[in-house]
Amino acid sequence: MFSIYILTYNEEIDIAACIESALLSDDIIVIDSFSTDRTIEIVRRYPVQIVQHAFETHGKQRTWMLEEVPTKNEWVYILEADERMTPELFNECSEAIKNQNYIGYYVAEQVIFMGRWIRRSTQYPRHQMRLFRKDKVRFGDYGHAEREICEGPTSFLKETYPHYTCSKGLSRWIEKHNRYSTDEAAEILRQLEAGKVNWWDLFFGATEVNRRRALKDISLRLPLRPLVRFFYMYFLLGGFLDGQPGFAWCMLQAFYEYLISIKVWEMRNMPLPKLDSTGKQLSSEETKLELHRQ
């Protein structure tokens with residue numbers, strides 16, 4: 001058996017279906033970032049543990065829960081509220097944890113958008129680290145999301161999980177990706193200053209994860225990224241075969257890329273003024289001194 005963590009913040013729309021899909025496990029822990037809607041009220045209807053912790057970043061939240069929240073089982077699975085565990089995936093996970101050769105497994109998502117599986121323009125199969133030994137994996141931050149740090153060999157599962165990426169409506173999706181774009185813009189500036197492109201992984205990477213991450217490192221250095229991303233997703237990946245939902249998905253991703261590009265320019269050319277503890281704007285000399293202290 002393996003334990004299941006479910007990460008939440010204002011997930012009243014998704015949380016019931018998510019928990020019900022995970023009830024095959026004997027140990028479910030909801031890690032909530034102090035939701036202000038009915039999330040906790042709904043969670044209390046189910047035989048699960050609730051732990052609340054203020055959200056900082058995706059990487060820090062995951063590492064905190066792995067280090068501070070005890071589980072019944074050595075192996076754990078991370079589930080987002082807008083995702084579902086399937087019986088087929090659960091059974092494969094149960095078999096996989098018997099294998100002592102690996103400390104973790106990547107699982108591919110099926111992005112469900114406008115009631116349809118967007119198979120082509122989502123780079124399917126796109127894998128995420130989800131099932132692993134709790135003592136062997138930690139997470140660091142990268143852009144708006146996280147990247148795993150594994151202490152041992154990993155492998156891939158065949159079964160997938162559905163991801164209802166726009167289940168809360170388009171307005172919520174846009175609001176969330178507006179926040180994400182700020183983190184991605186800051187990450188791009190860091191990568192352009194100190195990062196590098198791994199050309200070997202791009203062409204000869206051992207796994208889909210290595211190749212996809214190398215491609216991302218290259219793409220953030222390209223001009224006209226919103227147009228390039230739309231062309232790549234809609235034409236090269238075959239998004240046009242996903243019908244109207246596929247076109248809408250590719251347009252939204254190009255829009256998201258455009259937000260990131262604008263914010264990169266803004267951070268370079270119009271940095272926000274520094275404020276002191278009282279909210280007063282610091283002078284240019286005071287700002288330099290504050291940056292030096294940091």
Side-chain angles (χ1 to χ4, degrees), residues 1-12 14-107 109 127-142 144-157 159 161 163:
M1 184 60 71
F2 56 93
S3 300
I4 297 179
Y5 287 113
I6 301 178
L7 296 157
T8 64
Y9 176 70
N10 288 349
E11 299 288 354
E12 63 182 6
D14 284 310
I15 189 58
C18 180
I19 291 176
E20 288 172 11
S21 76
L23 287 175
L24 291 167
S25 173
D26 67 346
D27 186 31
I28 301 173
I29 307 103
V30 173
I31 307 296
D32 182 73
S33 301
F34 291 98
S35 293
T36 57
D37 64 357
R38 297 175 55 248
T39 297
I40 296 300
E41 174 190 338
I42 295 170
V43 171
R44 289 196 175 113
R45 300 173 187 171
Y46 297 93
V48 303
Q49 180 183 352
I50 304 171
V51 178
Q52 290 189 298
H53 181 256
F55 182 86
E56 294 181 72
T57 65
H58 291 281
K60 290 179 180 178
Q61 188 79 336
R62 282 161 171 74
T63 294
W64 176 86
M65 80 182 180
L66 292 171
E67 293 177 346
E68 302 297 332
V69 181
T71 58
K72 291 182 182 179
N73 305 295
E74 178 185 25
W75 286 78
V76 297
Y77 186 100
I78 294 181
L79 192 64
E80 302 273 0
D82 58 358
E83 301 167 356
R84 304 291 180 266
M85 172 63 70
T86 68
E88 295 79 11
L89 175 57
F90 186 90
N91 290 336
E92 188 179 9
C93 289
S94 298
E95 289 300 315
I97 63 178
K98 298 175 184 177
N99 189 333
Q100 300 300 312
N101 295 324
Y102 303 108
I103 58 92
Y105 293 89
Y106 291 89
V107 187
E109 65 176 349
H127 294 86
Q128 307 286 341
M129 173 56 62
R130 290 308 174 95
L131 176 69
F132 52 88
R133 277 182 51 182
K134 186 182 176 186
D135 61 334
K136 295 296 184 180
V137 176
R138 293 295 181 264
F139 291 88
D141 294 311
Y142 187 96
H144 81 274
E146 72 288 334
R147 286 191 177 178
E148 66 283 351
I149 304 165
C150 302
E151 297 179 10
T154 60
S155 188
F156 294 79
L157 299 185
E159 292 295 336
Y161 62 90
H163 179 193

Exercise. Are Glu95 and Lys98 within salt-bridge range, i.e. N to O under 4.0 Å?
Worked result: yes
For this session: Determine whether the side chains of His58 and Asp141 contain a donor N or O and an acceptor N or O closer than 3.5 Å.
Result: no
Exercise. Between Ile97 and Tyr102, is any pair of side-chain heavy atoms under 4.5 Å apart?
Worked result: no
Exercise. If we only count heavy atoms from C-beta on, is the Thr36 to Asn10 side-chain gap below 4.5 Å?
Worked result: yes
Problem set entry | Nearest-0.5 Å distance, CG of residue Leu7 to OG of residue Ser33 | 7.5 Å
Exercise. Is Glu83 salt-bridged to Arg130, cutoff N-O under 4.0 Å?
Worked result: yes
Exercise. Which atom names give the shortest non-hydrogen contact between Thr8 and Ala81, and what distance separates them?
Worked result: CG2-CB, 4.3 Å
For this session: Among Leu24, Leu157, Leu131, find the one that has a side chain to side chain contact (heavy atoms under 4.5 Å, CB included) with Leu89.
Result: Leu157
Exercise. Is the closest side-chain heavy-atom distance between Tyr161 and Gln128 below 4.5 Å?
Worked result: yes
For this session: To the nearest 0.5 angstrom, please state how far the CD1 atom of Ile50 sits from the CD1 atom of Ile28.
Result: 11.5 Å
Problem set entry | side chain to side chain contact (heavy atoms under 4.5 Å, CB included) partner of Leu79, chosen from Ile19, Val30, Ile6 | Ile6
Exercise. Distance from Cys93 atom SG to Met85 atom CE, nearest 0.5 Å?
Worked result: 5.0 Å
For this session: Output, in order, the C-alpha distance, side-chain angles, deciding distance and verdict of side chain to side chain contact (heavy atoms under 4.5 Å, CB included) for Met1 and Ser94.
Result: CA-CA 6 Å; Met1 184 60 71; Ser94 298; 5.7 Å; no
Exercise. Looking only at heavy atoms, what is the nearest atom pair of Tyr105 and Phe156, with distance?
Worked result: CD2-N, 4.1 Å
Problem set entry | Minimum side-chain heavy-atom gap Ile29-Val48 below 4.5 Å | no
Problem set entry | Pairwise side-chain contact, Lys136 with Ile149, heavy-atom cut-off 4.5 Å (strictly under) | no
Exercise. Which is it for Trp64 and Val69 under the side chain to side chain contact (heavy atoms under 4.5 Å, CB included) test, yes or no, and what are the steps along the way?
Worked result: CA-CA 8 Å; Trp64 176 86; Val69 181; 3.6 Å; yes
Exercise. Is there side-chain contact between Phe139 and Arg147, with at least one heavy-atom pair below 4.5 Å?
Worked result: no
For this session: Would you give the length of the straight line joining atom SG of Cys18 to atom CD1 of Ile42, rounded to the nearest 0.5 angstrom?
Result: 12.0 Å
Exercise. Do Glu148 and Tyr106 get their side chains close enough for a donor-acceptor pair, meaning under 3.5 Å?
Worked result: yes
Exercise. Would Glu20 and Tyr46 satisfy side-chain hydrogen bond (donor to acceptor under 3.5 Å, both in side chains), going step by step from the backbone distance to the final call?
Worked result: CA-CA 8 Å; Glu20 288 172 11; Tyr46 297 93; 2.5 Å; yes
Exercise. Are the charged groups of Arg62 and Glu146 less than 4.0 angstrom apart, N to O?
Worked result: yes
For this session: Give a yes or no answer on whether the side chain of Thr63 reaches the backbone of Arg138 with a donor-acceptor pair at less than 3.5 Å.
Result: no
For this session: Answer yes or no: is there a side-chain heavy-atom contact under 4.5 Å between Phe34 and Ile40?
Result: no
For this session: Determine, stepwise, if the pair Met129 / Thr154 fulfils side chain to side chain contact (heavy atoms under 4.5 Å, CB included).
Result: CA-CA 9 Å; Met129 173 56 62; Thr154 60; 3.8 Å; yes
For this session: Would you kindly say whether His53 and Gln61 are connected by a side-chain donor-acceptor distance under 3.5 Å?
Result: yes
Exercise. Strictly by modelled atom types, are Ser35 and Asp32 linked by a side-chain donor-acceptor pair under 3.5 Å?
Worked result: yes
For this session: Measure from the side-chain N and O atoms of Asp37 to the backbone N and O of Thr39, and report whether any donor-acceptor pair falls under 3.5 Å.
Result: yes
Exercise. Under 6.0 Å between ring centres, would you say that holds for Phe90 and Phe2?
Worked result: yes
Exercise. Between Asp27 and Thr71, do the side chains contain an N or O donor and an N or O acceptor separated by less than 3.5 Å?
Worked result: no
Problem set entry | Check: Glu92 side chain, Glu159 main-chain N or O, donor-acceptor pair, under 3.5 Å | yes
Exercise. Leu66 and Asp135: side chain to side chain contact (heavy atoms under 4.5 Å, CB included), yes or no, with the steps?
Worked result: CA-CA 8 Å; Leu66 292 171; Asp135 61 334; over 6 Å; no
Exercise. Quick one: does Val76's side chain get under 4.5 Å of Tyr5's, heavy atoms only?
Worked result: yes
Exercise. Is it true that Lys60 and Glu67 have a side-chain N and a carboxylate O under 4.0 angstrom from each other?
Worked result: no
